[in-house]
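Down below is the structure, laid out as structure tokens.
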Amino acid sequence: MDPRFEASKYENTIYNFWEQNGYLQSKKGKPYTILMPPPNANASLHAGHGMYTIDDIVIRWKRLTGYASLWIPGTDHAGFETQYVFEKELAKKEQSRLNFDRETLYKMIFEFVKDNSGLIYTQFKKLGFLADWKRSVFTLDKQVIAYVSDTFKQMVTEGLVYRDNYIVNYCTYCGTSLAELEVKHIERKDPLYYLKYGPFVLATVRPETKFGDTAVAVHPKDKRYRQWINKDIEVEGLLGKFKVKVIADSVVDPTFGTGVVKITPAHDPNDFETGKRHDLEIKKVINIDGRLNELAGPYAGLKVKVARQKIIEDLQKKGLIEKIDENYEHSVTVCYKCGRDLEPTIIPNWFIKVDLLKKPVIDAILEGKVRFIPKKYKKQMLSWLEVMHDWPISRQIVWGIRIPVWYKVDKNAKNINVWWLDKNKKLNYGDISKFLKNGITLKEITSGLQQVSAETGSKQPSFVISNECPGDDYLPETNTFDTWFSSGQWPLVTLKKEEYKDRFPTDFMGTLSDILKFWISRMIMFSLYLKKTVPFKDVYLWSMVADSKGVKMSKSKGNVVNPIDMVNKYGADAFRASLLFGIGEGGTVNLSEDKVRAMRNFTNKIWNIGRFIYMNRSQSSKVISQNLDLKTKKTTDEMETEFGILRKKIIKYMNSYKFSAAFGDLYEFIWHRFADFYIEQLKEAVTTGDNQTLETLEKVYLNMLIMIHPFMPYVTESIWQIFNGSSSSILESKINVS
RNA sequence: GGCCGUUUAGCUCAGUGGUAGAGCGCUGCAUUCACAUUGCAGAUGUCGGAGGUUCAAAUCCUCCAGCGGCCACCA
């Protein structure tokens, strides 16, 4: 044995050994199943992925305690995320999504993802993950698309899906609407304009939406304005005089500004709700390209921010601005992806009614059918489920599973807006009837199709749900499902049919806490809806991996630790252990090179204990064992007793998922009790040929190796094979937990 | 504004009613010894603050403050 454990010398050989000898597959025994949270197909490993180690520890521990543990991997197409990355690549070539029809764009992204996928699995293997890679599932695999489409069909049939014109947060840059979870709120200073508005003065940060005002609201109990309620007022505006109704609504805070609010249902979520309550007209003045439309008169065609400046100047000229508060602080909703201001706007969307679906989820959590570790996430989950609104599932991007809907288009077709490229690659936009009347064929439109937006409500065209095109006179819905709509069905598409009998619900779901609401909630929801049972029993949430000071890693801060660098330098075992050592369960994980180095030193300590025993074993194999002297006997007895106690403690910790505590105790025992104390005490006896003591040392040592194997698989397996032969595996060992 | 978490050594963090702990860093000593990626010894703490419960509180309770997370609202 070398005087040092050189991880790089063993890791590949050991992993290949596991792979070639079927250790990635489950063995006989009681089933135990973990589904890997699918990373983005085109991702490469970052520090956060390191936490998948937790799942691997559980898989290995369960294997050693006699379970047929199985870890099924997969990758996610990550719709919005991936298209965003791809569009950035396009932009480098001075192109944009608008240059391509949707089919071409889809194919291009598909190729892009294909070129970049596979890397993360190679990296996972480097970390030693015992996953059954042959069973990998991609969320755009045929059977997944079919399953997800069937779910949609069933939900439509059961009345759980509706289309509606709904105010959504729309990112004019990314070109799609976002769910509430995908928006970010930031605090910002913006000017608050006090506008003269007929008999009133009112405060707004968005004067450019005033062309879409369809009411003015005051608080019902506000005495100042009581006389105006339900009356029309005449307002002098930039486009001349107009009349607008005064309504009373308790959303108005009489102490804010002047206590008067303009209501713009088309461009503000609150105003939209208010508008619904008072049955107000909806006047859209901003198009989804972020520009004002013809209702804005001379300002039509201007982008929102430009228009705002111009409008303010013009209002000032007309003397319609009373004052401007330049230091107004408020929170603004921005796109979580590109950081730009979101435009609340009304576009047709597909929605899932969640009221009926979320109830069983809440019950299951309350009944403890799904447990959360750490416990605080149970409360967080429940409080979020309570306020959960209907889920807008349509995204106006191409990278994803298309909503399998086809609109019937006949001679009288209308109420369907289309964006399409003609033969000359020129983008056309408008109601489909306009094009058909001008002699353009449906085929021409579909071959260059970018987007379809069908009206809702009474104007909604008829449609059929089908994966295949039902006929020549149909136009496909171009919206795709929200990524979480498909990944939410992950537990329902990863197992083989026959496995649902004994591997479902699965046992453990270890994932990052920041997708608790996006993903975990939806998986439970879909599973309860479709399978009438929860998808997994225990959810283990780990927090963000941060740098040594607890600061989130980011390229701009320059504090990113590359896991693969750490693995190459110090070994996979050291990197894995550094994510666990000295942390609280569910807290921030601080990663630093110092810590990885400390753990590398520990692997070396484990190795050298083995080296000591091994050297003496080969030397003393022919020496006849002596009678133990009393002191030596007492020490070995103590050692065995102490290890016995530790063993029970570790089992207890592992059963309650206290990985850090388990590893910490093993570290303490192996280094500071076994090596520093017992070996030192017994060294003389062993080196002078006391075989019996050496055997006891070896027995305890090998048992220790088994216990720590889930945490440090490579060094333990390497030593095991040196002691027991290169065809043996530590994974064949059994830890008796009873 | 609501809920949750957190505050312990220079740094990063464990600890849970009974003598304050680890890793890294620091100081001194040890070298043909399994390992210097080592060993031994040591320094550094009013355990955020104030009250309370208890024979006994870092640990349980109340209040306050700082930090963090989640949610809601912001014309």
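Here is how names work: the chains are called A, B, and so on, in the same order as the sequence lines, proteins then strands, and each is numbered from 1.
When the P atom is compared between rG66(B) and rA56(B), the two are found 32 Å apart, to the nearest whole Å. Going from the C1' atom of rA57(B) to that of rG10(B) covers 27 Å, rounded to whole Å. Comparing rA50(B) with rA36(B), their P atoms sit 49 Å apart, to the nearest whole Å. Nucleotides rU53(B) and rG15(B), compared at atom C1', are 22 Å apart to the nearest Å. The C1' atoms of rG21(B) and rU62(B) are separated by 29 Å, rounded to the nearest whole Å. Rounded to a whole angstrom, the distance from the P atom of rG45(B) to that of rC11(B) is 13 Å. Separating the C1' atom of rU31(B) from that of rA14(B) is a span of 34 Å, rounded to the nearest Å. When the P atom is compared between rC63(B) and rC24(B), the two are found 41 Å apart, to the nearest whole Å.
When the side-chain nitrogen and oxygen atoms of Asn601(A) are compared with OP1 and OP2 of rU38(B), one or more of them lie within a distance under 4.0 Å. Taking only side-chain nitrogens and oxygens, His672(A) comes nearer than 4.0 Å to OP1 or OP2 of rG23(B). Close to rC35(B), at under 4.0 Å from its OP1 or OP2, lies no side-chain N or O of Asn604(A). When the side-chain nitrogen and oxygen atoms of Lys605(A) are compared with OP1 and OP2 of rG39(B), one or more of them lie within a distance under 4.0 Å. Note on Lys379(A): a side-chain N or O is less than 4.0 Å away from OP1 or OP2 of rC4(B).
Summary of the strand contacts: Arg4(A) and Leu192(A) both lie near RNA chain B, and taking for each the nucleotide with the nearest heavy atom, the more 5' one is attributed to Arg4(A). Nucleotides of RNA chain B nearest to His330(A) and Thr603(A) differ in position, and the one nearer the 5' end is that of Thr603(A).
In this entry the distance linking CD1 of Ile679(A) with P of rU38(B) reads 15 Å, nearest Å. Per the geometry, CD1 belonging to Ile613(A) stands 14 Å off P belonging to rC35(B), to the nearest Å. rG5(B) atom P lies 10 Å from atom NZ of Lys375(A), rounded to whole Å. For Phe674(A) and rA34(B), the CZ to P distance is 14 Å, given to the nearest whole Å. Distance Arg597(A) CZ to rC35(B) P: 22 Å, rounded to the nearest Å. Put simply, OH on Tyr678(A) is 21 Å from P on rA34(B), counting in whole angstrom units. Look at CG on Asp271(A): it is 14 Å from C1' on rC73(B), rounded to the nearest Å. Taking atom CH2 of residue Trp384(A) and atom C1' of nucleotide rC70(B), one finds them 12 Å apart after rounding to whole Å.
Side chain of Trp671(A), nearest nucleotide from rC70(B), rC4(B), rG39(B): rG39(B). With rC71(B), rA34(B), rC70(B) as the choices, the nucleotide that has an atom nearest any side-chain atom of Val387(A) turns out to be rC71(B). Considering only side-chain atoms of Lys517(A), the nucleotide from rU37(B), rC24(B), rC70(B) that sits closest is rC70(B). Side-chain proximity of Phe581(A) to rA22(B), rA34(B), rG69(B): nearest is rA22(B). With distances taken from any side-chain atom of Phe612(A) to the nucleotides rC4(B), rG23(B), rA34(B), the minimum falls on rA34(B).
Screening residues 258-267 of chain A for side-chain hydrogen bond (donor to acceptor under 3.5 Å, both in side chains), with sequence neighbours left out, gives Thr209(A)-Lys262(A), Asp213(A)-Lys262(A), Asp213(A)-Thr264(A), Lys262(A)-Thr264(A).
Taking the centre and axis of the six-membered ring of Tyr194(A), the NZ or CZ atom of Lys323(A) falls inside the cone set by 45° and 6.0 Å.
Under 4.0 Å is where a charged nitrogen must lie from a carboxylate oxygen, and between Glu593(A) and Arg600(A) no such pair does. Glu208(A) has no carboxylate O lying under 4.0 Å from a charged side-chain N of Lys210(A), or vice versa, which leaves the two without a salt bridge. Asp538(A) has a carboxylate O that lies under 4.0 Å from a charged side-chain N of Arg371(A), or vice versa, which qualifies the two as a salt bridge.
Using a 4.0 Å heavy-atom criterion, one finds that Tyr667(A) contacts the sugar-phosphate atoms exclusively. Across all strands shown, Ser383(A) has no heavy atoms under 4.0 Å from either base or sugar-phosphate atoms. At the heavy-atom level, Ala675(A) lies under 4.0 Å from base atoms of the strands shown. Glu680(A) comes within 4.0 angstrom of a nucleotide base, judged by non-hydrogen atoms across all strands. Base engagement by Val252(A) is indicated by at least one non-hydrogen atom pair under 4.0 Å involving a base atom. Looking at heavy-atom distances under 4.0 Å, Lys262(A) makes no contact with the nucleic acid at all. Nucleic acid contact class of Asp676(A) (heavy atoms, under 4.0 Å, all strands): sugar-phosphate only. Residue contacts shown for Tyr197(A) are absent, as no nucleic acid heavy atom lies under 4.0 Å away.
Applying the side chain to side chain donor-acceptor pair (under 3.5 Å) criterion to Glu11(A), with sequence neighbours excluded, gives no partner residue.
Ring orientation note: the planes of Tyr667(A) and His672(A) are nearly perpendicular, at an angle over 60° on the 30°/60° scale. Using the six-membered ring where Trp is involved, Trp671(A) and Phe602(A) have ring planes that are parallel, under 30° apart on the 30 and 60° scheme. Note: Phe723(A) and Tyr614(A) have tilted aromatic rings, judged against thresholds of 30 and 60 degrees for the angle between ring planes.
In this model, no side-chain donor or acceptor of Glu668(A) finds a partner on the base of rA14(B) within 3.5 Å.
Inter-residue side-chain proximity for Phe674(A) and Met639(A) is flagged as met; some heavy-atom pair is nearer than 4.5 Å.
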Inset, instruction - Represent RNA chain B in dot-bracket notation, 5' to 3'. Only Watson-Crick or G-U wobble pairs with both distances under 3.5 Å count; pseudoknot-style crossings use [ ] and interstrand partners use |. - result: ((((((((.[[[[.)..(..]]]].(((((.......))))).....[[[[[..)....]]]]])))))))....
